[in-house]
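Here is the structure we will look at, set down as structure tokens.
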Amino acid sequence: MDHNQNFSPDDQWIVYDTRPDPSGIARNQHIEKVDVENGRTKIVYQVEGANPFGPGVGAVSYHPLKNQFVFIHGLPDADSLKPYAGHRRLGRIVDESRGKHAYWMDSRDVIQPFTPGALRGGTHRHQWSADGNWIGFTYNDALMVALEEKTRGVHDLRTLGVSKRISPAVKVDIAHSDENIQGSWFSVLLVKVVSDPKAGSGEISRAYSDWWVGKQGYRRQDGTFQRARAFLGDLISEKGAKITEVFMVDVPENIDIPGKNGPLEGTDKTMPMPPKGATVRRLTFTEHKKFPGVASEPRHWVSSSMDGSYISFLAKDDNGIVQVFLIATAGGEPIQVSNHDTSVQSMVRWHPEQREFVYVCNQSLYLCQLDVRGKPEVPKKISPTFDTKPFSPIYSRDGDRLAFNRYVDGYVQIFLADRP
């Protein structure tokens, strides 16, 4: 399991990939699922024409309502000259209700003229929205990789985007390039990134570790909800230091309308640009802290309470120890939740219905709840101290169980526990 939505809608199955190590997606050929009651496993997708260079599959996530799942899939033409890479992968969807019918989520068009709604690189860590009509992802652009190799400048910048199921049709010319892929969803990028952000400007050089905000988004002042993605962004502080902060970007309902920064499809020298209404807002301002910015270790994703009120992240306290923090989507100062003597070891995963979350510290699972006013209680240890660190914890869809990974005899295994 890879920090995704691994439980099936009925909580009977957990879906996962079988990569040999965290960086081994290129060599992985299978997506599998396991029955939580009897441990029976099934291969639900198998790569055709696999070789040591790809295509590669991994990081699978179940649809919240249907028997479908989405995962990273490398380009089918992978070989020694064009191996699996961050800019050579897409989202693949399998519909189990249609006999394991598989299709591409996002379209890919690397030949001019480019196509609005299609991208030119690699999407990954795909995450369904609560209604299943959107998928969020992070992205690297193949044209920018090529431009970086050609100019020796900095152009390969990670950012994030979304795909929408019901949107204008995308038609890609696949007859003249093996690199082009015809997908079924309309895809755009949400955050403009720049290679050389100006100090104190708020410009972002890298946008990543993103997550859907709530089930419906965050609540506006007028009481309505705005769909949004929270993410980590790298920028340069007024003092000239590189720091990472927590941001949020609004996702407009109509993502096919170009914004002010340029065409949705990009050009041969520029990235695809966000649609109109994709407004970015910075949530944390930590330059004044003793240890400014979000923690870089452990690698983690921001995550959100299901009501969209809070975003969780990891940062160092004044003693240099990584702790759990919350920031309200309405703004304000971050709230320190944990006070451990050793650093927290995982991202936060929220309960699907309650203001409650779980994380890992001291090789144990901890649970924390927020009261009706949003004040966090003291986190409670809810598991033994394991001899190997548990990781990637996740709640079941009904919130009654927790699943997590652990290494056993050199292999990653999935464990299941009842929520206390």
Side-chain angles (χ1 to χ4, degrees), residues 1-8 10-47 50 52 56-62 69 71-72 84 124-125 127 209 297-301 303 314 322 324 338 340-352 357-368 379-420:
M1 302 185 298
D2 192 26
H3 306 293
N4 285 324
Q5 299 150 310
N6 299 90
F7 278 91
S8 60
D10 61 3
D11 280 333
Q12 180 182 351
W13 300 91
I14 292 175
V15 70
Y16 57 94
D17 68 62
T18 59
R19 74 185 86 166
D21 55 70
S23 61
I25 288 181
R27 291 168 285 157
N28 184 43
Q29 301 180 29
H30 299 141
I31 300 295
E32 296 184 359
K33 65 180 184 178
V34 58
D35 190 315
V36 299
E37 299 303 331
N38 57 33
R40 180 169 55 96
T41 62
K42 286 185 178 180
I43 295 175
V44 292
Y45 186 84
Q46 184 165 339
V47 175
V57 292
V60 60
S61 186
Y62 248 120
F69 46 85
F71 52 92
I72 294 170
Y84 171 89
H124 59 106
R125 218 210 70 75
Q127 185 189 29
S209 295
E297 293 292 337
R299 182 188 181 190
H300 71 284
W301 285 256
S303 57
L314 305 183
V322 176
V324 174
S338 66
H340 297 288
D341 294 330
T342 60
S343 289
V344 171
Q345 297 172 294
S346 80
M347 68 172 286
V348 165
R349 293 303 300 263
W350 289 81
H351 190 282
F357 56 81
V358 65
Y359 62 93
V360 178
C361 188
N362 295 315
Q363 301 197 171
S364 306
L365 294 172
Y366 281 80
L367 185 144
C368 182
K380 300 176 183 178
K381 182 179 175 180
I382 59 170
S383 79
T385 300
F386 297 106
D387 56 350
T388 58
K389 179 186 71 175
F391 60 98
S392 301
I394 181 177
Y395 283 92
S396 58
R397 300 284 181 173
D398 62 11
D400 291 339
R401 284 176 163 178
L402 289 164
F404 55 92
N405 296 323
R406 275 183 57 219
Y407 276 95
V408 178
D409 297 329
Y411 294 94
V412 177
Q413 304 290 354
I414 298 173
F415 289 78
L416 196 65
D418 291 331
R419 170 177 164 269

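When a residue number appears, it is its place in the shown sequence, counting from 1. In this text, all values refer to a predicted model and were calculated from it rather than measured experimentally.
- With sequence neighbours left out, the side chain to side chain contact (heavy atoms under 4.5 Å, CB included) criterion links Pro298 to Leu314, Val322.
- Residue Lys380 places its NZ atom among 12 or fewer non-hydrogen atoms of other residues, nucleotides or ligands, all under 6.0 Å distant.
- Between Val15 and Ile31 the shortest side-chain heavy-atom distance falls below 4.5 Å.
- With sequence neighbours excluded, the residues satisfying side chain to side chain contact (heavy atoms under 4.5 Å, CB included) with Arg406 are Phe386, Asp387, Thr388, Pro390, Phe404, Phe415.
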Exercise for review: Would you sort out whether Trp13 and Glu32 count as a side chain to side chain contact (heavy atoms under 4.5 Å, CB included), showing the intermediate values?
Suggested key: CA-CA 10 Å; Trp13 300 91; Glu32 296 184 359; over 6 Å; no

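- Scored by the side-chain hydrogen bond (donor to acceptor under 3.5 Å, both in side chains) test, Ser343 finds no partners at all (sequence neighbours excluded).
- Considering only residues two or more places apart in sequence or on other chains, Glu297 meets the salt bridge (charged side-chain N to carboxylate O under 4.0 Å, His left out) condition with none of them.
- Residues passing the side chain to side chain contact (heavy atoms under 4.5 Å, CB included) test with Ala403 are Met1, Phe7, Ile14, Ile394, Leu416, sequence neighbours excluded.
- With rounding to the nearest 0.5 Å, the separation of NE2 in His351 from OG in Ser396 is 7.5 Å.
- Side-chain atoms of Ser364 and Asn362 include no donor-acceptor pair closer than 3.5 Å.
- The structure places CD of Gln363 at 10.0 Å from OG of Ser383, a figure rounded to the nearest 0.5 Å.
- Partners of Leu402 under the side chain to side chain contact (heavy atoms under 4.5 Å, CB included) rule, at least two apart in sequence or in another chain, are Val358, Ile382, Tyr395.
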Point to revise | Worked verdict on Phe357 versus Val324 for side chain to side chain contact (heavy atoms under 4.5 Å, CB included) | key: CA-CA 11 Å; Phe357 56 81; Val324 174; 4.1 Å; yes

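- Between Asp11 and Asp398, the shortest heavy-atom distance links the atoms OD2-N, 3.1 Å.
- No side-chain heavy atom of Val57 sits under 4.5 Å from any side-chain heavy atom of His30.
- The heavy-atom pair separating Gly58 from Phe71 by the smallest distance is O-CB, 3.4 Å.
- The closest side-chain donor-acceptor pair between Asn4 and Gln127, if any, does not fall under 3.5 angstrom.
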Exercise for review: Would you sort out whether Tyr359 and His300 count as a ring pair (Phe, Tyr, Trp, His ring centres under 6.0 Å), showing the intermediate values?
Suggested key: CA-CA 11 Å; Tyr359 62 93; His300 71 284; over 10 Å; no

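- Side chains of Met347 and Ser303 form a contact here, defined as non-hydrogen atoms less than 4.5 Å apart.
- Closest approach of Pro384 to Lys381, counting heavy atoms only: C-CE, 4.1 Å.
- A 6.0 Å sphere centred on CG of Asp341 holds no more than 12 heavy atoms belonging to other residues, nucleotides or ligands.
- No side-chain heavy atom of Lys33 sits less than 4.5 Å from a side-chain heavy atom of Phe69.
- Scanning both residues, Gln12 and Asp35, for their nearest heavy atoms gives NE2-OD2, 3.2 Å.
- Closest approach of Arg397 to Ser8, counting heavy atoms only: CG-O, 3.3 Å.
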Review point. After noting the C-alpha distance and the side-chain angles of Arg125 and Trp301, does the key distance pass the side chain to side chain contact (heavy atoms under 4.5 Å, CB included) rule?
Key: CA-CA 11 Å; Arg125 218 210 70 75; Trp301 285 256; 2.9 Å; yes

